[in-house]
Amino acid sequence: MLWYVGRRLLQLIPVFFGATFLIYFMVFSLPGDPIAALFGDRPPSQAVILALREQYHLDEPFIVQYLYYVGGILTGDLGTTYSGRPVGDLLASAFPITFRLAMLALAFEAVAGILVGLIAGLRKGKLFDASALVVSLLLISVPTFVLGFVFQYVFAIQLGWFRTTVGPGAPLQDLILPALVLASVSFAYIVRLTRGSVSDNVSADFVRTATAKGLSRPRVVRVHILRNSMIPVITFLGVDIGSLMVGAIVTEGIFNINGVGGTVYKAVQLGEGPTVVSFVAVMVIVYMLANLLVDLLYAVLDPRIRYAK
Amino acid sequence: MRINRKAASVFAVIGAGALALTGCTSGGEGGEGGSGGDSAIISTNGNEPQNPLIPTNTTEVGGGKIVTSIFAGLVSYTAEGEIENEVAESIESEDSQNWTVTLEDGWEFTDGTPVTASSFVDAWNWGANPVNAQGAAYFFDNIEGYTPAPTEEGAELPDAPEMSGLVVEDDLTFTVALTAPEADWPLRLGYSAYSPLPEVAFEDMEAFGENPVGNGPYMLDGEGAWEHDVAIDLVTNPDYDGVRKPVNDGLRIVFYATQDAAYADVQGGNLDVLDAVPDSAFETYEDEFGDRAVNQPAAIFQGVNIPQYLEHWTGEEGKLRRAAISMAINRDEVTEIIFQGTRTPATDFTSPVIDGYSDDLEGAEVLEYNPDEAKRLWAEADAIAPYGDTVFDISYNADGGHQAWVDATTQSIANTLGINAQGKAYPTFAEALGDRENQALTGATRAGWQADYPSLYNFLAPNYLTGAGSNYEGYSSEEFDSLIREGSTAPTVEEATELYQQAQEVLLEDLPTIPLWYSNVNGVSAETVDNVVFGWDSVPLYHQITKG
């Protein structure tokens, strides 16, 4: 087990370098001059442009730029943004907020999604099941930004239950509304996944056996149905951690959250190689760790799966 | 047993997550103190400044409203765009070229050091020095001894620490020699690039830009008041005694990634003043906010240029056709329908917020919609040389949201004159500008100008003087040039204004640009605050705002 985890962690290293190299190359290949674009309609003197280009090594060929970046990482320097801020500071301010938002959303979608899916699966074809399917279909088809604006307008502006945007320090109570918006689509998928999986298992042989053994209904549901239905859901949740952390650009914009999505979006627009690469590298690591966690959970859920050596 | 142990480990994982969550929460709440409460802190929208807060390197709006609040220059602007002395006691000149600046005694930076003539001269020299590569260096290019940055590829940036035109006479006096006379030079001086800097700034400018020390009505609320990408907290400077004495306790400028979020915050009562209403609310915001909504012209002029180098657009024929096109555009309708009233139809070549603006220039009737006269002039031009079925196009950059009004404008022209008129899109601003610079346009082009400082000269000279920097279409008129030159050397601002207005009457005849409209500033304020007045530069005069 430990050996398995160690090997998976070692795999992070080549993936990290591969990913940063590719992403750096992609940012490098973006059309347009990032420095000139900084100034919009009012171009500065050529001297300013040249000085800035030199400062950020933009006058060097791609591979040299990349080596500068890697060299910086090895000495603990992630580079600076075009406004002169260390990328490390940006990471330190954006990731905790996004992490909190993503965890909150994950908690919502996992708890509510599994619960609703379980009930729907157990009562297949009944009213609850039908309405769960309709609601989840609605949530899947409504774009996030529509839901975001509607929630903001109704719950924050009209009813005043929440702050309209996330306040200073991004306290948890301000993050509830954006987390709900963020969780909505995945919630719907989880409901459907759980429901499908549960309704398959309800009629499985081992469930019939367990019931025949005389186990109580709650125990059958909890231990035999639910546990065995969790594998696809856990797989989905693992992947979703990644997209929750990265894909919140729209939600972050609506609720003015200074998170990862918005920061990367801005950096891509500015052509800020070091920022984009550093953020994406961290995201790659988050993805891989989440996947590792999911793989380990498989073993917990299904005794047949073992990671011996 | 085995099963249970594993179940326990799952709970352990969830438990760890919950711990992480609570850990983060308490951290978050710790950072919240200071805002809100009973004190009259005005909250308003802003953007994360692009650069450290160094006055000569702050050329964008986000940093500009902060720098203007924490520094006091020689003069500051009133809402009408007139100047009032701040640190200056007097700014005088006999010939509009050699100026003597006298400072009021007693001004101090918030670190306790006095504001002297050197504070200004050193700051300006530093900002103009090519080696420092400051974005606003060009503001000093009319001072004697200014060293322009080299334009050729690969050239070293010269180190030119001093401009010969700036001389410190004593602690409170310095003189400025300009390269050419400029009667309204003092009008420039309210711009933030002309702010003084304390000595501590020159030790480490980058660090200074993080925690700037100024002499303005506000100052940073201690170290770390600038929380990057989130907000900046300013409190009143107790030692400030200038014309912008705040009637509130401070400012909290919150940085928004989208205008929609800022607008929602005003609606939700989390923001007091918003100076940029999002497009999505244009139709509703005036109804919703009533007299708390602001919709007034800004110092932004927009027009359409038809180059002289095109066939049919030169000489007498071109003059007639330009006038015909101008009268074929229904400005009222386009501003009302396309822009929902957030543009103001133009009556001159400047802006209503500029001192000296006029809506009754001689010849301004050419800017009114008059289809019959337009048709008559067009026919008159056709008598000189028939236009035939040549397409009349207006080019624009597709990345700037111009398509709607260009289509409406060409439609208005086509309907009135019965010609084939249409828009021509360039993918980016840079590409559109490239064709203008190379004089490679196939038709008309959109043109716009936003003023750096509230002066008629700033609207006219860079755009229409022979060979001027932004005169891409190559307009040249001796009469206009000499009026501008006379105006810039006129002994008083009033006389200069008179001459600049005459110069605009020349433009109204030639129409090197066909004025369309002025952009408006669209703002709203919450019921918590009063006396929200927008300045000429579309930024609210924060010091006047009262709360509670």
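In what follows, every heavy atom counts, from backbone to side chain, and hydrogens, waters and symmetry copies are set aside. Chain identifiers are assigned alphabetically (A, B, ...) following the order of the sequence lines, protein sequences preceding nucleic acid strands; residue numbering begins at 1 within each chain.
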### Query
Could you name the residues of residues 158-165 of chain A that have a heavy atom within less than 4.5 Å of a heavy atom in chain B?
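Answer by number: A:R163, A:T164, A:T165.
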### Message
Looking at every non-hydrogen atom in both residues, tell me the closest pair between B:A261 and A:G253 and how far apart they are.
### Response
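Scanning both residues, the minimum pair turns out to be CB-O, 3.5 Å.
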#### Entry: Where A:K266 and B:D229 come nearest, the two heavy atoms and their spacing
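Heavy-atom minimum between the residues: NZ-OD1, 3.4 Å.
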Check each atom of [X] against the heavy atoms of chain B and say whether the ones under 4.5 Å are side chain, backbone, both or neither.
X: A:L90; value: side chain
X: A:F149; value: side chain
X: A:N256; value: both

#### Entry: Proximity breakdown for B:A231 and chain A, heavy-atom pairs closer than 4.5 Å
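Neither the backbone nor the side chain of B:A231 comes within 4.5 Å of chain A.
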### Task
For atom CZ of B:F208, decide whether the heavy atoms of other residues, nucleotides or ligands shown that lie under 6.0 angstrom number more than 12.
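Above 12, so yes.
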### Query
Hey, what do you get for CD (A:Q152) to CD (B:Q267), rounding to the nearest 0.5 Å?
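These two atoms lie 8.0 Å from each other.
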### Query
Nearest 0.5 Å, what's the CG-CZ distance between B:D260 and A:F255?
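Rounded to the nearest 0.5 Å, the CG-CZ separation comes out at 12.0 Å.
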